[in-house]
Amino acid sequence: QVHLVESGGRLVQAGDSLKLSCVLSGGTFSSYTMGWFRQAPGKERELVAAINWSGDDTRYSESVKGRFTISRDSAKSTLYLQMNSLNAEDTAVYYCAAEVSPYITDRYDYWGRGTQVTVSS
């Protein structure tokens, strides 16, 4: 059984940086394409960033492109999301997800429980 556990979310000020982590257990990390999603109150869940199994293909939503960076460390079975220049619109619960595919296909099989990021203006 694959488990995903996110961490790193907290209250920050506008303009601050924050790094989220997601640890995968119960599976071979390098077998999965990984993604970060977020859901703000009253809004639908949206894909923030995705990275394929080898790390050589990444995708970002337009709202975070140039500010957020997704990365992965297979030795630690950990996915990261570096978030810079945060603003109030980035406030959301951030979820980590994994899909059993070497490519980004947006069909995720496993989900974490989320970590709250709140940006105060």
Side-chain angles (χ1 to χ4, degrees):
Q1 181 85 18
V2 173
H3 288 284
L4 300 169
V5 180
E6 304 94 335
S7 63
R10 61 182 177 90
L11 173 64
V12 296
Q13 299 293 316
D16 283 355
S17 296
L18 193 62
K19 189 172 186 176
L20 305 182
S21 300
C22 170
V23 177
L24 184 149
S25 61
T28 303
F29 183 72
S30 58
S31 299
Y32 301 99
T33 282
M34 303 294 295
W36 285 102
F37 290 76
R38 68 185 181 186
Q39 187 166 21
K43 295 186 177 181
E44 292 187 356
R45 186 175 61 195
E46 63 169 342
L47 176 67
V48 174
I51 185 167
N52 73 333
W53 68 283
S54 62
D56 60 2
D57 184 22
T58 58
R59 298 181 190 177
Y60 296 91
S61 69
E62 286 301 318
S63 61
V64 307
K65 197 173 292 184
R67 298 188 299 123
F68 290 11
T69 302
I70 189 171
S71 62
R72 61 191 298 158
D73 184 339
S74 291
K76 297 181 179 179
S77 296
T78 302
L79 177 73
Y80 301 102
L81 185 67
Q82 176 67 46
M83 305 185 292
N84 299 328
S85 301
L86 286 162
N87 57 61
E89 288 68 43
D90 296 317
T91 295
V93 178
Y94 284 72
Y95 299 91
C96 164
E99 63 171 313
V100 185
S101 171
Y103 311 110
I104 299 172
T105 64
D106 295 329
R107 291 192 287 266
Y108 291 88
D109 302 287
Y110 305 101
W111 295 84
R113 293 189 174 185
T115 186
Q116 175 71 49
V117 173
T118 304
V119 183
S120 172
S121 56

Point-to-point distance, once rounded to the nearest 0.5 Å, from CZ of Arg72 to OG1 of Thr33
6.5 Å

Does any N or O in the side chain of Trp36 come within less than 3.5 Å of the main-chain N or O of Tyr80, such that one atom is a donor and the other an acceptor?
yes

Charged N to carboxylate O under 4.0 angstrom, Arg38 versus Glu46?
yes

Supply the atom-to-atom distance Lys19 NZ to Ser7 OG, rounded to the nearest 0.5 angstrom.
11.0 Å

Donor + acceptor pair across side chains of Glu99, Thr105 (<3.5 Å)
yes

Could you check whether any side-chain N or O of Asp57 sits under 3.5 Å from a backbone N or O of Asn52, counting only pairs where one atom can act as donor and the other as acceptor?
no

Give the C-alpha distance, both sets of side-chain angles, the deciding distance and a yes or no for side chain to side chain contact (heavy atoms under 4.5 Å, CB included) between Val48 and Met83.
CA-CA 11 Å; Val48 174; Met83 305 185 292; over 6 Å; no

Note: Leu18 and Gly8 closest approach over all heavy atoms is CD1-O, 3.5 Å

Is Leu4 linked to Val93 within one hydrophobic cluster, defined over Ile, Leu, Val, Met, Phe, Trp and Tyr using a side-chain heavy-atom separation of less than 4.5 Å?
no

Pairwise distance CG(Leu20) to CD(Glu6) - rounded to 0.5 angstrom
8.5 Å

Would you call the rings of Tyr110 and Tyr32 parallel, tilted or perpendicular, where under 30° means parallel and over 60° means perpendicular?
perpendicular

Looking at every non-hydrogen atom in both residues, tell me the closest pair between Arg67 and Ser85 and how far apart they are.
NH1-O, 3.0 Å

Thr78 side-chain N/O to Val23 backbone N/O, donor-acceptor pair under 3.5 Å:
no

Starting from Phe29, can I reach Tyr108 by hopping between I/L/V/M/F/W/Y residues whose side chains sit under 4.5 Å apart?
no

So Val117 and Asp90, do their side chains get closer than 4.5 Å, heavy atoms only?
no

Following the transitive rule for hydrophobic clusters with a side-chain heavy-atom cut-off under 4.5 Å over Ile, Leu, Val, Met, Phe, Trp and Tyr, establish whether Trp53 and Ile104 coincide in one cluster.
no

Shared hydrophobic cluster, Phe37 / Ile70 (ILVMFWY, side-chain heavy atoms < 4.5 Å)
no

Distance check, rounded to the nearest 0.5 Å: Cys96 atom SG versus Leu24 atom CG?
7.0 Å

Can you see whether Ser17 engages Asn84 through a side-chain donor-acceptor pair at a distance of less than 3.5 angstrom?
yes

Taking all non-hydrogen atoms of both residues into account, name the closest pair between Glu62 and Lys65 and its distance.
OE2-NZ, 2.7 Å

Using the rule that Ile, Leu, Val, Met, Phe, Trp and Tyr join whenever any side-chain heavy atoms are under 4.5 Å apart, tell me whether Phe68 and Tyr95 fall into a single cluster.
no

Using 0.5 Å steps for rounding, measure from the CG atom of Leu79 to the OG atom of Ser71.
7.0 Å

Indicate yes or no: at least one non-hydrogen side-chain atom of Leu47 is less than 4.5 angstrom from one of Arg59.
no

Tell me if a side-chain donor or acceptor on Thr118 pairs with a main-chain N or O of Thr91 at a distance below 3.5 Å.
no

Expected output: side-chain Thr28 to main-chain Ser30 donor-acceptor under 3.5 Å:
no

Is a donor on one side and an acceptor on the other found under 3.5 Å between the side chain of Gln39 and the backbone of Ala92?
no

Please report the interatomic distance OH(Tyr94) to CD(Gln116), rounded to the nearest 0.5 Å.
9.5 Å

